Amino acid sequence: MRIAVTYENGDVFQHFGRTEQFKLYTVEDGKITQEQVVDTNGSGHGALAGFLVDAGADTLICGGIGGGAQNALQNAGITLYGGVTGKADDAVYALLNGNLSYNPDVHCDHHNHEHGEGEHHCGNHGCHQ
């Protein structure tokens with residue numbers, strides 16, 4: 001199993017399409033055997049699913065995520081655990097222990113309208129976790 005977590009300063013980053021880093025965890029026999037932080041190199045919403053496939057991820061833990069990205073992940077065979085907050089490491093351990101608190105209906109619907117200068121702040125409108 002290879003788990004990817006949207007990552008910023010040790011925490012689960014809250015906007016999938018704007019994540020600049022993922023923390024990748026390789027899991028064998030229920031134990032983490034390798035961890036690494038990788039840069040997305042500016043990949044946006046559409047490219048991130050392909051980035052995760054190329055990284056060998058089969059599971060994603062994240063905060064908010066739009067419907068298009070969810071569809072791309074589903075098409076890529078990546079299991080999504082969205083609406084997660086807190087420390088990335090804690091989220092992975094919780095997943096491995098079967099007690100990760102996540103929202104199966106997470107979505108971010110801000111993509112239906114424009115923002116000034118391309119900015120988006122999930123706390124301000126439209127994102128649900």
Side-chain angles (χ1 to χ4, degrees):
M1 170 185 263
R2 187 99 190 246
I3 302 169
V5 181
T6 54
Y7 190 76
E8 184 177 60
N9 298 321
D11 292 324
V12 177
F13 185 66
Q14 292 302 299
H15 191 248
F16 173 78
R18 299 215 187 270
T19 192
E20 294 180 8
Q21 294 183 317
F22 287 103
K23 187 165 183 182
L24 300 172
Y25 302 79
T26 302
V27 178
E28 296 173 9
D29 298 321
K31 296 186 189 317
I32 297 170
T33 59
Q34 183 181 8
E35 301 176 24
Q36 71 182 109
V37 177
V38 296
D39 291 329
T40 63
N41 298 317
S43 297
H45 293 84
L48 289 174
F51 181 92
L52 292 173
V53 168
D54 291 345
D58 54 29
T59 302
L60 171 68
I61 297 173
C62 69
I65 184 169
Q70 289 181 33
N71 289 337
L73 292 169
Q74 183 177 17
N75 291 338
I78 297 173
T79 303
L80 172 64
Y81 295 91
V84 177
T85 60
K87 297 291 182 193
D89 291 351
D90 292 347
V92 171
Y93 288 120
L95 177 64
L96 295 176
N97 290 323
N99 58 9
L100 178 65
S101 176
Y102 70 99
N103 179 354
D105 299 318
V106 67
H107 68 282
C108 187
D109 57 3
H110 71 275
H111 301 281
N112 297 329
H113 60 274
E114 294 298 318
H115 297 284
E117 300 178 21
E119 291 297 314
H120 171 71
H121 302 282
C122 280
N124 294 342
H125 67 280
C127 290
H128 307 281
Q129 295 182 16

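We count residues from 1, following the sequence as given. For the numbers below, each heavy atom of this structure counts, side chains included, while hydrogens, waters and symmetry mates do not. If you're wondering where the values come from, they're calculated on a predicted model, not measured in any experiment.
To the nearest 0.5 angstrom, I3 atom CD1 is 12.5 Å from I78 atom CD1.
Using a 4.5 Å cut-off on side-chain heavy atoms (C-beta onward), F13 and R18 make contact. Annotation: side chain of L24 is in contact with side chain of R2 (closest heavy-atom distance under 4.5 Å). I32 is listed as a side-chain neighbour of L96, based on a closest heavy-atom distance under 4.5 Å. Using a 4.5 Å heavy-atom threshold, the side chains of Y25 and T59 count as separate. Between E8 and T19, every side-chain heavy-atom pair lies at or beyond the 4.5 Å cut-off.
In terms of heavy atoms, V84 sits closest to V12 at O-CG1, 3.5 Å. Shown here for L80 and C62, the closest heavy-atom pair between the two residues is CD1-SG, 3.6 Å. Considering every non-hydrogen atom in both A4 and L52, the closest pair reads CB-CD2, 3.5 Å. Nearest heavy atoms, Y93 versus E35: OH-OE2, 4.4 Å.
Between the side chain of T33 and the backbone N or O of T26, at least one donor-acceptor pair lies under 3.5 Å. A side-chain donor-acceptor contact under 3.5 Å links Q70 to the backbone of I65.
V37 and V27 are members of different hydrophobic clusters when ILVMFWY side chains are connected at heavy-atom separations under 4.5 Å. Under the 4.5 Å side-chain heavy-atom criterion for grouping Ile, Leu, Val, Met, Phe, Trp and Tyr, F16 is not connected to Y7 through any hydrophobic cluster.
Counting only residues at least two apart or on different chains, no ring-ring contact (aromatic ring centres under 6.0 Å, His included) pair has a member in residues 53-76.
Considering V53, T6, L60, T40 as possible partners of L48, the one that fulfils the side chain to side chain contact (heavy atoms under 4.5 Å, CB included) test is T40.
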